[in-house]
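Heads up, the thing below is written out as structure tokens.
We number each residue from 1, following the sequence as shown.
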Amino acid sequence: MSIGIPSTAEFDTNITSFLGPKGREAPNLSQHAGQVIVIDGVAIEEAIWFDFKCACLLGICHEHSKGIKMSVDDLHDIKNVANALYTEETCHHGKDATVLGLAPITSANNYHVTPLVLSPSCKSEKGDGLAEWIRRFIEHYHQHPYGEKVHGPIYTLATDDKQNVPKAVNLIQSLMDLRGLNISGTQSEREHIRSILFISDVLSHFLLPFIKVKMSLSEQLRHLSAYSHLITALYWRHGLEFMTSALLADSQAIMKNIIFTTARLQLMDPNMSYYILFEGTDHLENVFSHVRTQDHARNFDIQQLSYKLSIATEIDAIFQRHPDLNRGHLRRNLVNTLGVDHINPKSWLGNVRVRDVNIQLEYLAGRAEANKLLLKHFHSNISATVNFNARFSEKGGDHLRPNGEYIGSRGANSQDDSEEEDSVVIEPLSGNTDSDPRDEDENNFEDAHTTINTDDFNGLDIQDKDLLNPPAHKSNAHYLIVDNKKQYILTLVSSLLGADRERKALITTWPLRAQGITLEQALQKNQLLNSSGDDLDVAESKIKAGDLGVILAHVGDQICLVVIEALNFRQGTLKTNLAVVDVKSLDANGAKATTVAFQVLRLVAQNEDSLDKLTWWWPQDYIQVLDSNGKPVLQCHLVIRISGKRFHPLSPEIIYSSADEPLLIWSLNHHDLEWALAQAWSDLDSHSDNIAETIKSLPEILGPDSNKLPYQLLENSDHLMLYVPKEDIHVPLQTVKLSGEDRRPCHLCGQIFRINDMRNHVGMHILKAHQDVIDLSLLGGLEVRNLLF
């Protein structure tokens, strides 16, 4: 993992580790088709960690890490980074991880990606900066003894765009199904439908070669050639009105690379099979799938991602050496399947041997098909068909340069105002900028080093003999000396450099968790009543009245998980009830602190015979939290208001209760609630010295329905679920307040006194210590120290 901008030393270490004798198996010489660099990003938790091995901080964006000291020798180093993050804002938490991997251009078995570079990013890197460190990587790979000499040269580079592949594929396939239908309606409507069908025909020529598993390589090239000629002709006819410059240039580059690679492989080894489905970063997505399914963690920070990528690489290396262990796709039949994505070579049925392809013939056949489609759509228009040879000769261009200049360059599109939208560049931040491209409120961050008092840290007392150098210094690998106390480095880093992160939803459907869908997306999905949309794009993260969440509550002698429904919100000292608040405000302090009014949901267990299938349904009933003493139940008996910090949002499934009387109800997965319980208990910092006070701040359920909590497999049974085990709670939950007349022993001397007299008695012990008088009444081993001198 790179601490800043990826360096040559990091390239060297990773190439040796992952491509050396103990890493990925080298390809056979006859299969030396070369390598492709694949680059993609993956969202990460915005967290800063201290790595003991390199004694430095991890998680700062590499774009703005230059000039910032990442190694930690004393507390000032951590404070300087906090100042750069929160006050000067000259650097940021990494919110995205840039991953660079290497993979064979084509192979039936050994096609896995080997990640070689991992670097946190704030997503503001310019193309020049990215190109520079990629160039250095390629040069080092070329010279490294386990690089090009063993695994072959790098021929291509593949990146990824934001997209939803299954949805895009599904849409185009659905449009293709409209062919052959009788078109009715007005003339205008019929023309609109004809245009839609034409668009589907154009895009299908690009799509089908990647999803129709029975296609041969010759058929694939013919379709891609038809697509390339079609979008070139449409660019000449309509400019960028038909397709954006980025999409047009990228898809033409893919076409060019496939044709050139086919020709190169024909010269190297005519019997080689070429799988064009490896174009792009699809096989890097497979590595990410290993990362997300190694454990039950929904998300990961940069350090966790580095560990998981290493494990994922080992998994792929094992599959490579023992291919019989790799089960491949669970779906056995990919023919005529909608929304196909992530196809592997074993699933491809067509002949893809390069010797059987006549590139020129297929290229010209694709041109003829393009002109045929243009003539069909534009009827007898004299300009319907295109003489491509003449146009290319006239302009001195090609498919990537239809008018002589590359599409997407300033010169080619300076006359086209519509291109402005495609040319937006996010400038890197500096301390003098007035705006933040992350669109964060300027008051979101509080100055960490002014809000945290190191005097409040609980440390270990040390002897004067340990303080050979009174200024702050490292006492050993894990501690710093702060105010004459040893402080654990991770505690200091977490306190001073804690991330300003969005809360992640406790999502109850595994596919969404695996995609790392954020809270607002999950809540939006909740409102869509289990719609099929899995690409929810919401501008702002909000929590609304009616959304579900979980809290920890004090019920009798138990601390248990309680599922609640938010009713309204208040901020600061205002009495105005709000229906919607920003998610980040839940963690706010002081005048911006948010409180949540809620009702407690009653839950009923379903499929209680199997924990793997156990779910909890809401029977449209709430739990009374205060006893009404026989009087009418009012709002105050059902509603509690708590700090927003204790509220953890949920996204339940919404189902029909039964076929006979279909009612929409919430359904929650038991394993997700168990995870939510563990997370909420962990957030309380249960091992801190203040846990007793923290537990007192939890809401207490005292109503007549309190016997329904903790939630039970069968109501009124002893089979309790979703509570904190008593052995994990290190303080008494039920304490009895003593009266002044009660008598208790002194903890210093053991003598028994009235509570009212205890203060004066303990004061005598303190006075003796202050006057250096030996206190013979103290219990063995106890000492009252004079700390004033």
Side-chain angles (χ1 to χ4, degrees), residues 45-48 79 82-89 91-93 95 122 429 431 433-454 456 494-506 518-524 538-552 564-599 639-650 679-680 682-685 688 690 693-694 696-699:
E45 292 280 357
E46 299 177 31
I48 307 296
K79 286 187 174 182
N83 183 63
L85 277 171
Y86 302 122
T87 304
E88 299 177 0
E89 295 189 11
C91 66
H92 317 104
H93 294 88
K95 63 173 65 174
C122 63
L429 292 179
T433 55
D434 295 326
S435 62
D436 190 325
R438 294 175 293 173
D439 293 329
E440 293 177 332
D441 185 271
E442 63 180 357
N443 297 318
N444 265 350
F445 293 106
E446 295 186 14
D447 191 347
H449 70 270
T450 59
T451 58
I452 297 178
N453 186 353
T454 56
D456 295 334
S494 177
S495 300
L496 291 170
L497 303 178
D500 176 48
R501 69 184 71 179
E502 293 184 357
R503 295 187 175 198
K504 297 296 182 182
L506 308 179
T518 59
L519 171 61
E520 178 60 21
Q521 292 172 326
L523 297 178
Q524 181 75 3
V538 183
E540 297 179 310
S541 295
K542 303 291 185 181
I543 187 80
K544 309 175 182 65
D547 289 338
L548 295 194
V550 297
I551 62 169
L552 292 181
I564 63 174
E565 177 186 357
L567 298 179
N568 58 64
F569 309 89
R570 291 179 184 174
Q571 293 185 325
T573 58
L574 299 177
K575 298 299 182 181
T576 305
N577 291 334
L578 304 175
V580 180
V581 294
D582 192 281
V583 173
K584 294 179 181 178
S585 68
L586 295 176
D587 288 324
N589 296 308
K592 292 187 177 182
T594 299
T595 60
V596 184
F598 65 87
Q599 288 181 282
V639 178
I640 302 179
R641 185 173 292 276
I642 61 165
S643 167
K645 293 183 177 181
R646 299 284 179 247
F647 180 83
H648 299 266
L650 274 179
Q679 187 68 34
S682 173
D683 288 349
L684 290 185
D685 195 7
S688 71
N690 298 324
E693 292 299 319
T694 303
K696 287 182 181 178
S697 70
L698 297 178

[X] to [Y] - nearest heavy-atom pair and separation:
{"X": "His93", "Y": "Cys122", "value": "O-CB, 4.3 Å"}
{"X": "Ala597", "Y": "Val639", "value": "CB-CG1, 4.0 Å"}
{"X": "Ile551", "Y": "Ile642", "value": "CG2-CD1, 3.4 Å"}
{"X": "Val596", "Y": "Gly644", "value": "CG2-CA, 4.0 Å"}
{"X": "Phe647", "Y": "Leu548", "value": "CZ-O, 3.9 Å"}

Rounded to the nearest 0.5 Å, what separation is found between the [atom1] atom of [X] and the [atom2] atom of [Y]?
{"X": "Leu586", "Y": "Gln571", "atom1": "CG", "atom2": "CD", "result": "9.0 Å"}
{"X": "Asn568", "Y": "Thr576", "atom1": "CG", "atom2": "OG1", "result": "10.5 Å"}
{"X": "Leu698", "Y": "Leu684", "atom1": "CG", "atom2": "CG", "result": "5.5 Å"}
{"X": "Thr694", "Y": "Leu552", "atom1": "OG1", "atom2": "CG", "result": "11.5 Å"}

Side-chain donor/acceptor of Ser585 to backbone N/O of Thr594, under 3.5 Å: no
Heavy-atom side-chain contact between Lys542 and Asp582 under 4.5 Å: yes
Close side-chain approach of Leu567 and Asn577, heavy atoms under 4.5 Å: no
Option among Arg646, Arg570, Arg641, Lys645 that satisfies the side chain to side chain donor-acceptor pair (under 3.5 Å) test with Thr595: Arg641
